[in-house]
Protein chains: 2
Amino acid sequence: MVRKPTSKETARKPNMREAILAAAEELFATNGFNAVSVRDIAQAAGANPGSVTYHFKTKDGLLLEIYRRHCGPMNLRRFELLAAAKRVRDLQDRLEAIVRAYVVPAFTSGSDLAGGGARFTRLRAVMSAEGNEVARKIIAQTFDDTSHAFIDAIHESLPHIPRTDIVWRSHFLLGALYYSLVTPGRVSRLSRGEADGGDAASAIEQLVQATVAAFQAPPLDHAAPARRRPVVGSKT
Amino acid sequence: MVRKPTSKETARKPNMREAILAAAEELFATNGFNAVSVRDIAQAAGANPGSVTYHFKTKDGLLLEIYRRHCGPMNLRRFELLAAAKRVRDLQDRLEAIVRAYVVPAFTSGSDLAGGGARFTRLRAVMSAEGNEVARKIIAQTFDDTSHAFIDAIHESLPHIPRTDIVWRSHFLLGALYYSLVTPGRVSRLSRGEADGGDAASAIEQLVQATVAAFQAPPLDHAAPARRRPVVGSKT
DNA sequence: TGATTTCTTGTACGATAGTACAAATCACAT
DNA sequence: ATGTGATTTGTACTATCGTACAAGAAATCA
(Lines give C-alpha, C1' and ligand atoms only; values in the text may rest on other atoms or scores of the structure.)
Protein backbone atom coordinates (compact mmCIF):
# COMPACT_ATOMS: atom_id res chain seq x y z
CA MET A 1 0.00 0.00 0.00
CA VAL A 2 2.36 2.62 1.19
CA ARG A 3 5.30 3.02 -1.13
CA LYS A 4 8.44 2.62 0.86
CA PRO A 5 11.18 5.09 -0.14
CA THR A 6 14.44 4.04 -1.60
CA SER A 7 16.16 3.64 1.76
CA LYS A 8 19.50 4.57 0.26
CA GLU A 9 20.66 8.04 1.26
CA THR A 10 17.46 8.92 3.11
CA ALA A 11 17.14 7.72 6.69
CA ARG A 12 13.70 6.19 6.81
CA LYS A 13 13.50 5.88 10.53
CA PRO A 14 12.11 9.23 11.55
CA ASN A 15 10.70 7.83 14.75
CA MET A 16 13.45 8.40 17.23
CA ARG A 17 15.14 11.27 15.54
CA GLU A 18 11.92 13.23 15.29
CA ALA A 19 10.89 12.35 18.82
CA ILE A 20 14.19 13.60 20.15
CA LEU A 21 13.91 16.81 18.18
CA ALA A 22 10.39 17.43 19.40
CA ALA A 23 11.26 16.70 23.01
CA ALA A 24 14.32 18.91 22.90
CA GLU A 25 12.38 21.72 21.31
CA GLU A 26 9.74 21.59 23.98
CA LEU A 27 12.17 21.33 26.88
CA PHE A 28 14.55 24.01 25.60
CA ALA A 29 11.66 26.38 24.95
CA THR A 30 10.28 25.82 28.43
CA ASN A 31 13.35 25.70 30.63
CA GLY A 32 16.20 27.15 28.62
CA PHE A 33 19.17 25.44 27.08
CA ASN A 34 21.41 24.94 30.08
CA ALA A 35 18.69 23.76 32.43
CA VAL A 36 17.95 20.77 30.23
CA SER A 37 20.29 17.83 30.09
CA VAL A 38 20.74 15.39 27.26
CA ARG A 39 19.38 12.74 29.58
CA ASP A 40 16.24 14.79 30.18
CA ILE A 41 15.67 15.01 26.47
CA ALA A 42 16.30 11.34 25.91
CA GLN A 43 13.89 10.38 28.67
CA ALA A 44 11.16 12.70 27.37
CA ALA A 45 11.59 11.19 23.91
CA GLY A 46 11.66 7.65 25.22
CA ALA A 47 15.14 7.20 23.88
CA ASN A 48 18.55 6.33 25.15
CA PRO A 49 21.00 9.14 25.88
CA GLY A 50 23.46 7.60 23.48
CA SER A 51 20.91 7.92 20.74
CA VAL A 52 21.04 11.66 21.00
CA THR A 53 24.78 11.61 20.52
CA TYR A 54 24.40 9.32 17.57
CA HIS A 55 21.92 11.50 15.70
CA PHE A 56 23.17 14.94 16.59
CA LYS A 57 26.70 14.40 17.83
CA THR A 58 26.54 17.15 20.47
CA LYS A 59 23.94 19.08 22.42
CA ASP A 60 24.76 22.17 20.36
CA GLY A 61 24.27 20.12 17.23
CA LEU A 62 20.80 19.22 18.42
CA LEU A 63 19.91 22.87 18.90
CA LEU A 64 21.37 23.67 15.51
CA GLU A 65 19.22 21.06 13.85
CA ILE A 66 16.10 22.45 15.51
CA TYR A 67 16.86 25.84 14.00
CA ARG A 68 17.62 24.34 10.62
CA ARG A 69 14.32 22.58 10.71
CA HIS A 70 12.22 25.68 11.27
CA CYS A 71 14.02 28.72 9.93
CA GLY A 72 13.55 27.97 6.26
CA PRO A 73 9.83 27.23 6.28
CA MET A 74 8.99 30.07 8.63
CA ASN A 75 10.83 32.68 6.61
CA LEU A 76 9.46 31.28 3.40
CA ARG A 77 5.94 31.63 4.70
CA ARG A 78 6.69 35.14 5.88
CA PHE A 79 7.92 36.15 2.47
CA GLU A 80 4.85 34.67 0.82
CA LEU A 81 2.57 36.59 3.11
CA LEU A 82 4.66 39.71 2.73
CA ALA A 83 4.41 39.53 -1.04
CA ALA A 84 0.64 39.21 -0.77
CA ALA A 85 0.49 42.07 1.71
CA LYS A 86 2.42 44.37 -0.57
CA ARG A 87 -0.31 44.00 -3.15
CA VAL A 88 -2.94 45.44 -0.83
CA ARG A 89 -3.98 48.82 -2.18
CA ASP A 90 -5.32 50.68 0.82
CA LEU A 91 -2.33 51.95 2.79
CA GLN A 92 -3.81 51.34 6.22
CA ASP A 93 -4.84 47.83 5.26
CA ARG A 94 -1.49 47.19 3.70
CA LEU A 95 0.37 48.10 6.84
CA GLU A 96 -1.84 45.82 8.85
CA ALA A 97 -1.33 43.03 6.34
CA ILE A 98 2.44 43.45 6.54
CA VAL A 99 2.44 43.28 10.31
CA ARG A 100 0.18 40.27 10.15
CA ALA A 101 2.51 38.61 7.67
CA TYR A 102 5.28 39.02 10.20
CA VAL A 103 3.32 37.89 13.22
CA VAL A 104 1.18 35.02 12.02
CA PRO A 105 3.94 32.59 11.02
CA ALA A 106 5.54 33.09 14.42
CA PHE A 107 2.43 31.84 16.16
CA THR A 108 1.17 29.20 13.80
CA SER A 109 3.07 26.34 12.29
CA GLY A 110 6.10 27.57 10.45
CA SER A 111 6.37 24.27 8.64
CA ASP A 112 4.44 21.06 8.37
CA LEU A 113 5.11 20.31 12.02
CA ALA A 114 1.97 20.56 14.09
CA GLY A 115 1.78 23.69 16.18
CA GLY A 116 5.51 24.03 15.98
CA GLY A 117 5.45 27.69 15.11
CA ALA A 118 4.70 29.05 18.55
CA ARG A 119 7.01 26.54 20.20
CA PHE A 120 9.90 27.42 17.97
CA THR A 121 9.34 31.15 18.38
CA ARG A 122 9.29 30.68 22.11
CA LEU A 123 12.52 28.75 21.81
CA ARG A 124 14.06 31.66 19.93
CA ALA A 125 12.90 34.03 22.64
CA VAL A 126 14.51 31.95 25.36
CA MET A 127 17.76 31.45 23.46
CA SER A 128 17.89 35.14 22.78
CA ALA A 129 17.49 35.92 26.46
CA GLU A 130 20.16 33.43 27.43
CA GLY A 131 22.57 34.88 24.93
CA ASN A 132 23.10 31.44 23.41
CA GLU A 133 26.01 31.46 20.98
CA VAL A 134 24.68 28.93 18.51
CA ALA A 135 21.36 30.69 18.32
CA ARG A 136 22.88 34.13 17.98
CA LYS A 137 24.82 33.19 14.89
CA ILE A 138 21.88 31.60 13.14
CA ILE A 139 19.53 34.43 14.08
CA ALA A 140 21.80 37.10 12.69
CA GLN A 141 22.35 35.12 9.51
CA THR A 142 18.84 33.92 8.88
CA PHE A 143 16.49 36.47 10.30
CA ASP A 144 18.13 39.78 9.57
CA ASP A 145 17.25 39.49 5.89
CA THR A 146 13.64 38.90 6.81
CA SER A 147 13.65 41.77 9.27
CA HIS A 148 15.10 44.13 6.71
CA ALA A 149 12.50 43.11 4.16
CA PHE A 150 9.70 43.83 6.58
CA ILE A 151 11.23 47.08 7.75
CA ASP A 152 11.56 48.24 4.16
CA ALA A 153 7.99 47.25 3.40
CA ILE A 154 6.70 49.10 6.43
CA HIS A 155 8.82 52.07 5.55
CA GLU A 156 7.19 52.20 2.15
CA SER A 157 3.79 52.27 3.77
CA LEU A 158 4.87 55.04 6.12
CA PRO A 159 7.30 57.20 4.15
CA HIS A 160 7.09 60.11 6.56
CA ILE A 161 8.45 58.04 9.45
CA PRO A 162 12.26 57.88 9.70
CA ARG A 163 13.67 54.44 9.16
CA THR A 164 15.30 54.55 12.56
CA ASP A 165 11.95 54.88 14.27
CA ILE A 166 10.59 51.99 12.28
CA VAL A 167 13.53 49.84 13.33
CA TRP A 168 12.87 50.63 16.98
CA ARG A 169 9.18 49.90 16.65
CA SER A 170 9.71 46.63 14.82
CA HIS A 171 12.14 45.72 17.56
CA PHE A 172 9.41 46.38 20.10
CA LEU A 173 7.09 44.24 18.03
CA LEU A 174 9.44 41.30 18.23
CA GLY A 175 9.91 41.79 21.95
CA ALA A 176 6.17 41.86 22.53
CA LEU A 177 5.76 38.83 20.33
CA TYR A 178 8.42 36.90 22.22
CA TYR A 179 7.10 37.85 25.61
CA SER A 180 3.56 36.87 24.71
CA LEU A 181 4.77 33.37 24.02
CA VAL A 182 7.09 33.19 27.01
CA THR A 183 4.68 34.32 29.70
CA PRO A 184 1.12 33.93 28.47
CA GLY A 185 -0.09 33.27 31.99
CA ARG A 186 0.66 36.83 32.99
CA VAL A 187 -2.01 38.17 30.66
CA SER A 188 -4.58 35.82 32.12
CA ARG A 189 -3.56 36.81 35.62
CA LEU A 190 -3.56 40.56 35.12
CA SER A 191 -6.87 40.51 33.27
CA ARG A 192 -8.31 38.50 36.14
CA GLY A 193 -9.28 35.70 33.83
CA GLU A 194 -11.01 37.89 31.27
CA ALA A 195 -8.37 37.22 28.65
CA ASP A 196 -6.55 34.02 27.79
CA GLY A 197 -2.90 34.80 27.23
CA GLY A 198 -2.38 31.40 25.67
CA ASP A 199 -4.94 31.91 22.93
CA ALA A 200 -2.96 32.48 19.76
CA ALA A 201 -5.80 34.13 17.86
CA SER A 202 -6.37 36.74 20.55
CA ALA A 203 -2.66 37.36 20.91
CA ILE A 204 -2.28 37.89 17.19
CA GLU A 205 -5.21 40.29 16.90
CA GLN A 206 -4.15 42.29 19.93
CA LEU A 207 -0.57 42.41 18.82
CA VAL A 208 -1.38 43.42 15.25
CA GLN A 209 -3.79 46.13 16.33
CA ALA A 210 -1.43 47.61 18.90
CA THR A 211 1.59 47.40 16.65
CA VAL A 212 -0.06 49.04 13.67
CA ALA A 213 -0.94 51.98 15.90
CA ALA A 214 2.61 52.10 17.24
CA PHE A 215 4.05 52.23 13.72
CA GLN A 216 1.67 55.04 12.84
CA ALA A 217 2.71 57.14 15.81
CA PRO A 218 4.22 60.50 14.91
CA PRO A 219 7.98 60.32 14.43
CA LEU A 220 10.29 61.38 17.20
CA ASP A 221 11.55 64.88 16.55
CA HIS A 222 15.25 64.29 16.61
CA ALA A 223 16.13 67.91 16.07
CA ALA A 224 13.56 69.95 17.94
CA PRO A 225 13.04 69.10 21.61
CA ALA A 226 9.47 70.28 20.94
CA ARG A 227 6.33 69.81 22.94
CA ARG A 228 6.70 70.34 26.67
CA ARG A 229 7.60 67.14 28.41
CA PRO A 230 5.11 65.83 30.97
CA VAL A 231 6.08 66.58 34.52
CA VAL A 232 7.67 63.51 36.12
CA GLY A 233 10.91 64.79 37.53
CA SER A 234 12.68 64.77 40.87
CA LYS A 235 11.19 62.82 43.68
CA THR A 236 8.57 64.66 45.77
CA MET B 1 37.32 61.31 60.89
CA VAL B 2 34.80 58.92 59.47
CA ARG B 3 32.27 57.95 62.06
CA LYS B 4 32.09 54.21 62.23
CA PRO B 5 28.53 52.92 62.58
CA THR B 6 27.38 51.05 65.60
CA SER B 7 28.56 47.71 64.28
CA LYS B 8 25.86 45.93 66.22
CA GLU B 9 23.12 44.63 64.00
CA THR B 10 24.48 46.13 60.79
CA ALA B 11 27.14 44.22 58.94
CA ARG B 12 29.77 46.81 58.16
CA LYS B 13 31.75 44.81 55.69
CA PRO B 14 29.94 45.39 52.44
CA ASN B 15 33.02 44.73 50.38
CA MET B 16 32.77 41.07 49.52
CA ARG B 17 29.07 40.65 49.92
CA GLU B 18 28.36 43.55 47.59
CA ALA B 19 30.98 42.45 45.10
CA ILE B 20 29.46 39.00 44.93
CA LEU B 21 25.99 40.43 44.46
CA ALA B 22 27.14 42.74 41.69
CA ALA B 23 29.05 40.00 39.90
CA ALA B 24 26.16 37.57 40.15
CA GLU B 25 23.73 40.16 38.88
CA GLU B 26 25.87 40.90 35.87
CA LEU B 27 26.58 37.27 35.03
CA PHE B 28 23.01 36.08 35.52
CA ALA B 29 21.67 38.95 33.43
CA THR B 30 24.10 38.17 30.65
CA ASN B 31 24.19 34.39 30.51
CA GLY B 32 21.18 33.16 32.41
CA PHE B 33 20.96 31.44 35.75
CA ASN B 34 22.00 27.92 34.88
CA ALA B 35 24.88 28.87 32.63
CA VAL B 36 26.65 30.60 35.49
CA SER B 37 28.32 28.59 38.22
CA VAL B 38 28.96 29.69 41.76
CA ARG B 39 32.64 29.48 40.96
CA ASP B 40 32.22 31.84 38.02
CA ILE B 41 30.58 34.36 40.31
CA ALA B 42 33.22 34.01 42.98
CA GLN B 43 35.99 34.48 40.48
CA ALA B 44 34.37 37.55 38.95
CA ALA B 45 33.97 39.04 42.41
CA GLY B 46 37.50 38.14 43.44
CA ALA B 47 36.17 35.94 46.17
CA ASN B 48 36.36 32.36 47.26
CA PRO B 49 33.53 30.01 46.28
CA GLY B 50 32.97 29.21 49.93
CA SER B 51 32.33 32.87 50.57
CA VAL B 52 29.25 32.74 48.40
CA THR B 53 27.89 29.87 50.43
CA TYR B 54 28.65 31.75 53.61
CA HIS B 55 26.78 34.91 52.65
CA PHE B 56 23.87 33.48 50.70
CA LYS B 57 23.74 29.83 51.67
CA THR B 58 22.63 28.62 48.23
CA LYS B 59 22.69 29.79 44.65
CA ASP B 60 18.94 30.34 44.81
CA GLY B 61 19.46 32.40 47.94
CA LEU B 62 21.84 34.61 46.04
CA LEU B 63 19.29 35.22 43.31
CA LEU B 64 16.65 35.88 45.93
CA GLU B 65 18.80 38.50 47.59
CA ILE B 66 19.36 40.26 44.26
CA TYR B 67 15.63 40.55 43.83
CA ARG B 68 15.14 41.71 47.39
CA ARG B 69 17.73 44.35 46.83
CA HIS B 70 16.05 45.91 43.82
CA CYS B 71 12.32 45.24 43.92
CA GLY B 72 11.47 47.61 46.74
CA PRO B 73 13.29 50.69 45.47
CA MET B 74 12.21 50.20 41.89
CA ASN B 75 8.55 49.83 42.73
CA LEU B 76 8.73 52.69 45.18
CA ARG B 77 10.12 54.94 42.49
CA ARG B 78 7.48 53.77 40.08
CA PHE B 79 4.71 54.64 42.51
CA GLU B 80 6.19 58.06 43.14
CA LEU B 81 6.33 58.78 39.43
CA LEU B 82 2.88 57.32 38.94
CA ALA B 83 1.43 59.59 41.62
CA ALA B 84 3.02 62.59 39.93
CA ALA B 85 1.77 61.44 36.55
CA LYS B 86 -1.79 61.14 37.79
CA ARG B 87 -1.75 64.83 38.63
CA VAL B 88 -1.10 65.81 35.03
CA ARG B 89 -4.23 67.51 33.71
CA ASP B 90 -4.03 67.04 29.96
CA LEU B 91 -5.18 63.53 29.18
CA GLN B 92 -2.68 62.88 26.42
CA ASP B 93 0.16 64.18 28.53
CA ARG B 94 -1.03 62.18 31.49
CA LEU B 95 -1.01 58.93 29.56
CA GLU B 96 2.50 59.64 28.38
CA ALA B 97 3.58 60.48 31.93
CA ILE B 98 2.12 57.23 33.23
CA VAL B 99 3.92 55.18 30.62
CA ARG B 100 7.10 57.07 31.37
CA ALA B 101 6.66 56.41 35.07
CA TYR B 102 6.56 52.72 34.26
CA VAL B 103 9.46 52.69 31.84
CA VAL B 104 12.02 55.06 33.32
CA PRO B 105 12.74 53.20 36.58
CA ALA B 106 13.32 50.03 34.59
CA PHE B 107 16.13 51.66 32.65
CA THR B 108 17.69 53.92 35.21
CA SER B 109 18.85 53.05 38.67
CA GLY B 110 16.03 51.55 40.66
CA SER B 111 17.93 52.21 43.86
CA ASP B 112 21.12 53.86 44.96
CA LEU B 113 23.13 51.29 43.05
CA ALA B 114 24.89 52.78 40.06
CA GLY B 115 23.21 51.95 36.79
CA GLY B 116 21.65 48.90 38.39
CA GLY B 117 18.21 49.56 36.98
CA ALA B 118 18.82 48.35 33.47
CA ARG B 119 20.91 45.45 34.66
CA PHE B 120 18.27 44.26 37.06
CA THR B 121 15.50 44.63 34.49
CA ARG B 122 17.57 42.64 32.08
CA LEU B 123 18.02 40.02 34.75
CA ARG B 124 14.27 39.85 35.20
CA ALA B 125 13.84 39.43 31.47
CA VAL B 126 16.26 36.52 31.38
CA MET B 127 14.80 34.82 34.43
CA SER B 128 11.36 35.21 32.97
CA ALA B 129 12.46 33.56 29.75
CA GLU B 130 14.11 30.70 31.59
CA GLY B 131 11.02 30.10 33.66
CA ASN B 132 13.05 30.36 36.84
CA GLU B 133 11.05 29.25 39.86
CA VAL B 134 12.52 31.62 42.42
CA ALA B 135 12.02 34.58 40.11
CA ARG B 136 8.50 33.60 39.16
CA LYS B 137 7.30 33.63 42.74
CA ILE B 138 8.81 37.00 43.53
CA ILE B 139 7.60 38.52 40.30
CA ALA B 140 4.02 37.47 40.85
CA GLN B 141 4.12 38.69 44.44
CA THR B 142 5.97 41.94 43.97
CA PHE B 143 5.20 43.20 40.52
CA ASP B 144 1.57 42.31 39.98
CA ASP B 145 0.48 45.05 42.38
CA THR B 146 2.53 47.54 40.44
CA SER B 147 1.20 46.29 37.14
CA HIS B 148 -2.38 46.54 38.32
CA ALA B 149 -1.84 50.07 39.57
CA PHE B 150 -0.49 51.11 36.18
CA ILE B 151 -3.17 49.30 34.27
CA ASP B 152 -5.84 51.01 36.35
CA ALA B 153 -4.22 54.40 35.85
CA ILE B 154 -4.02 53.89 32.11
CA HIS B 155 -7.59 52.66 32.07
CA GLU B 156 -8.68 55.91 33.72
CA SER B 157 -6.94 57.86 31.01
CA LEU B 158 -8.56 55.77 28.31
CA PRO B 159 -12.02 54.87 29.62
CA HIS B 160 -13.32 53.85 26.22
CA ILE B 161 -10.74 51.05 25.88
CA PRO B 162 -11.71 47.73 27.47
CA ARG B 163 -9.50 46.73 30.35
CA THR B 164 -8.61 43.51 28.58
CA ASP B 165 -7.09 45.41 25.69
CA ILE B 166 -5.10 47.53 28.10
CA VAL B 167 -3.76 44.44 29.80
CA TRP B 168 -2.59 43.04 26.48
CA ARG B 169 -0.96 46.29 25.48
CA SER B 170 0.80 46.74 28.78
CA HIS B 171 2.01 43.19 28.40
CA PHE B 172 3.44 44.11 25.02
CA LEU B 173 5.07 47.11 26.63
CA LEU B 174 6.88 44.94 29.13
CA GLY B 175 7.95 42.54 26.41
CA ALA B 176 9.34 45.37 24.31
CA LEU B 177 11.05 46.81 27.35
CA TYR B 178 12.66 43.50 28.20
CA TYR B 179 13.78 42.80 24.69
CA SER B 180 15.32 46.23 24.31
CA LEU B 181 17.56 45.46 27.24
CA VAL B 182 18.30 41.90 26.21
CA THR B 183 19.32 42.49 22.61
CA PRO B 184 20.24 46.15 22.15
CA GLY B 185 22.72 45.23 19.45
CA ARG B 186 19.94 44.17 17.13
CA VAL B 187 18.62 47.72 16.89
CA SER B 188 22.05 49.03 15.99
CA ARG B 189 22.46 46.29 13.42
CA LEU B 190 19.07 46.67 11.72
CA SER B 191 19.35 50.44 11.63
CA ARG B 192 22.76 50.05 10.01
CA GLY B 193 24.39 52.04 12.76
CA GLU B 194 21.96 54.94 12.62
CA ALA B 195 20.54 54.14 16.04
CA ASP B 196 22.29 52.96 19.19
CA GLY B 197 20.23 50.23 20.78
CA GLY B 198 22.23 50.53 23.95
CA ASP B 199 21.40 54.17 24.51
CA ALA B 200 18.88 54.25 27.34
CA ALA B 201 17.55 57.72 26.56
CA SER B 202 16.74 56.81 22.97
CA ALA B 203 15.20 53.53 24.01
CA ILE B 204 12.99 55.24 26.55
CA GLU B 205 11.78 57.91 24.15
CA GLN B 206 11.11 55.46 21.37
CA LEU B 207 9.38 53.05 23.69
CA VAL B 208 7.20 55.70 25.32
CA GLN B 209 6.16 57.22 22.02
CA ALA B 210 5.32 53.89 20.42
CA THR B 211 3.54 52.57 23.48
CA VAL B 212 1.36 55.62 23.98
CA ALA B 213 0.18 55.24 20.41
CA ALA B 214 -0.46 51.56 20.97
CA PHE B 215 -2.58 52.26 24.02
CA GLN B 216 -4.58 54.82 22.09
CA ALA B 217 -5.36 52.41 19.29
CA PRO B 218 -9.05 51.71 18.77
CA PRO B 219 -10.32 48.82 20.87
CA LEU B 220 -10.72 45.40 19.33
CA ASP B 221 -14.34 44.78 18.44
CA HIS B 222 -15.00 41.64 20.37
CA ALA B 223 -18.57 41.32 19.20
CA ALA B 224 -18.65 42.45 15.61
CA PRO B 225 -16.23 40.76 13.24
CA ALA B 226 -16.30 44.12 11.46
CA ARG B 227 -14.01 45.62 8.89
CA ARG B 228 -12.90 43.32 6.12
CA ARG B 229 -9.73 41.57 6.99
CA PRO B 230 -6.71 42.26 4.79
CA VAL B 231 -6.04 39.57 2.25
CA VAL B 232 -3.27 37.30 3.53
CA GLY B 233 -4.73 33.87 3.21
CA SER B 234 -3.79 30.58 1.65
CA LYS B 235 -0.43 30.22 0.05
CA THR B 236 -0.17 31.33 -3.59
C1' DT C 1 45.49 42.44 75.45
C1' DG C 2 42.74 38.53 75.24
C1' DA C 3 38.28 36.70 74.11
C1' DT C 4 34.80 36.36 70.83
C1' DT C 5 32.46 37.05 66.88
C1' DT C 6 32.69 37.58 61.78
C1' DC C 7 34.47 36.58 57.62
C1' DT C 8 37.62 34.10 54.30
C1' DT C 9 40.05 30.23 52.65
C1' DG C 10 41.01 25.61 51.07
C1' DT C 11 39.51 21.33 50.29
C1' DA C 12 36.39 17.54 49.75
C1' DC C 13 32.16 14.97 48.62
C1' DG C 14 28.36 13.23 46.11
C1' DA C 15 25.60 14.21 42.05
C1' DT C 16 25.20 15.12 37.50
C1' DA C 17 26.88 17.00 33.25
C1' DG C 18 28.38 15.99 28.06
C1' DT C 19 30.32 12.76 25.39
C1' DA C 20 32.55 8.35 23.75
C1' DC C 21 32.37 3.64 22.45
C1' DA C 22 31.68 -1.34 22.15
C1' DA C 23 28.10 -4.58 22.05
C1' DA C 24 23.43 -5.73 20.93
C1' DT C 25 19.58 -5.19 17.85
C1' DC C 26 17.03 -4.00 13.90
C1' DA C 27 15.75 -3.28 8.70
C1' DC C 28 16.21 -4.73 4.48
C1' DA C 29 18.47 -5.96 -0.18
C1' DT C 30 20.08 -9.88 -2.07
C1' DA D 1 17.95 -16.98 5.06
C1' DT D 2 21.61 -14.19 5.58
C1' DG D 3 24.81 -10.65 5.52
C1' DT D 4 25.34 -5.64 5.90
C1' DG D 5 24.72 -1.21 7.24
C1' DA D 6 21.90 1.69 10.29
C1' DT D 7 20.31 2.37 14.78
C1' DT D 8 19.72 1.58 19.74
C1' DT D 9 21.49 0.25 24.12
C1' DG D 10 24.33 0.09 28.17
C1' DT D 11 28.06 1.65 30.39
C1' DA D 12 32.06 4.33 31.46
C1' DC D 13 35.08 8.34 31.61
C1' DT D 14 36.26 12.86 32.87
C1' DA D 15 34.84 17.47 34.15
C1' DT D 16 32.22 20.37 36.65
C1' DC D 17 28.36 21.30 39.44
C1' DG D 18 26.28 22.99 44.25
C1' DT D 19 27.23 22.62 48.77
C1' DA D 20 29.49 21.44 53.29
C1' DC D 21 32.89 22.04 56.64
C1' DA D 22 37.08 22.67 59.28
C1' DA D 23 40.82 25.66 59.81
C1' DG D 24 42.85 30.23 59.39
C1' DA D 25 42.62 35.45 59.32
C1' DA D 26 40.50 39.68 60.56
C1' DA D 27 37.82 42.54 63.12
C1' DT D 28 35.36 43.85 67.33
C1' DC D 29 34.47 44.33 72.16
C1' DA D 30 35.64 43.90 77.16
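When reading the values below, keep in mind they use all heavy atoms of this one structure, side chains included, and skip hydrogens, waters and symmetry mates. Letters A, B, ... mirror the listed sequences (proteins, then strands); counts begin at 1.
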Chemist: Produce the list of close N/O pairs, under 3.5 Å, pairing protein atoms with atoms of nucleotides 21-25 of chain D; give distances to one decimal.
Modeler:
none

Chemist: Salt bridge check, Glu205(A) against Arg100(A): does any charged N sit closer than 4.0 Å to a carboxylate O?
Modeler: yes
Chemist: Tell me if the aromatic rings of Phe120(B) and Tyr67(B) count as close, with their centers under 6.0 Å from one another.
Modeler: yes
Chemist: Is Arg69(B) salt-bridged to Glu18(B), cutoff N-O under 4.0 Å?
Modeler: yes
Chemist: Could you list the protein-to-nucleotides 13-15 of chain D atom pairs, N/O on both sides, closer than 3.5 Å?
Modeler:
none

Chemist: In this structure, how many angstroms lie between the P atom of dT19(C) and the CG atom of Asp40(A), rounded?
Modeler: 14 Å
Chemist: Distance check needed: dA20(C) P versus His55(A) NE2, whole Å only.
Modeler: 16 Å
Chemist: For dT7(D), does OP1 or OP2 lie under 4.0 Å from any side-chain N or O of Ser51(A)?
Modeler: no
Chemist: Establish, yes or no, whether the cationic atom of Lys59(A) lies under 6.0 Å from the six-membered ring centre of Phe28(A) and within 45° of the ring axis.
Modeler: no
Chemist: Given the ring of Tyr102(A), does Arg78(A) sit roughly above its face, with NZ or CZ under 6.0 Å from the centre of the six-membered ring and within 45° of the axis?
Modeler: yes
Chemist: Who passes salt bridge (Lys or Arg N to Asp or Glu O under 4.0 Å) against Arg163(A), sequence neighbours left out?
Modeler: Asp152(A)
Chemist: I need the NZ-P distance between Lys57(A) and dT7(D), as an integer number of Å.
Modeler: 14 Å
Chemist: Taking atom C1' of dT19(C) as reference, at what distance in whole Å does atom NZ of Lys59(A) sit?
Modeler: 12 Å
Chemist: What stems involve DNA chain D, if each pair must be Watson-Crick or G-U and both of its distances must be under 3.5 Å, with 3 or more such pairs in a row?
Modeler: C:1-30 with D:1-30
Chemist: Can you tell me how far C1' of dT9(C) sits from CD1 of Ile20(B), to the nearest Å?
Modeler: 12 Å
Chemist: Return yes if a side-chain donor-acceptor contact under 3.5 Å exists between Gln206(B) and Asp165(A), otherwise no.
Modeler: yes
Chemist: Side-chain N or O of Tyr54(B) less than 4.0 angstrom from OP1 or OP2 on dT8(C)?
Modeler: no
Chemist: Parallel, tilted or perpendicular: which describes the rings of His171(A) and Trp168(A), with under 30° parallel and over 60° perpendicular?
Modeler: perpendicular
Chemist: Please report, rounded to the nearest Å, how far the C1' atom of dA26(D) is from the CG atom of Asn15(B).
Modeler: 13 Å
Chemist: Do any of residues 30-38 of chain B sit with a heavy atom less than 4.0 Å from DNA chain C, and if so which?
Modeler: none
Chemist: Can you list every salt bridge (charged side-chain N to carboxylate O under 4.0 Å, His left out) pair that touches residues 186-201 of chain A, not counting sequence neighbours?
Modeler: Arg189(A)-Asp144(B)
Chemist: Aromatic ring centroids of Tyr179(A) and Tyr179(B) under 6.0 Å?
Modeler: no
Chemist: Just how far is it from atom CZ of Arg17(B) to atom CZ of Phe56(B), taken to the nearest 0.5 Å?
Modeler: 4.5 Å
Chemist: Check the distance between dT8(C)'s P and Met16(B)'s CE and give it to me in whole angstrom.
Modeler: 6 Å
Chemist: Would you mind checking if Glu65(A) and Lys57(A) are paired as a salt bridge, meaning a charged N to carboxylate O distance below 4.0 Å?
Modeler: no
Chemist: Nearest-Å distance, CG (Asn48(B)) to P (dT19(D))?
Modeler: 15 Å
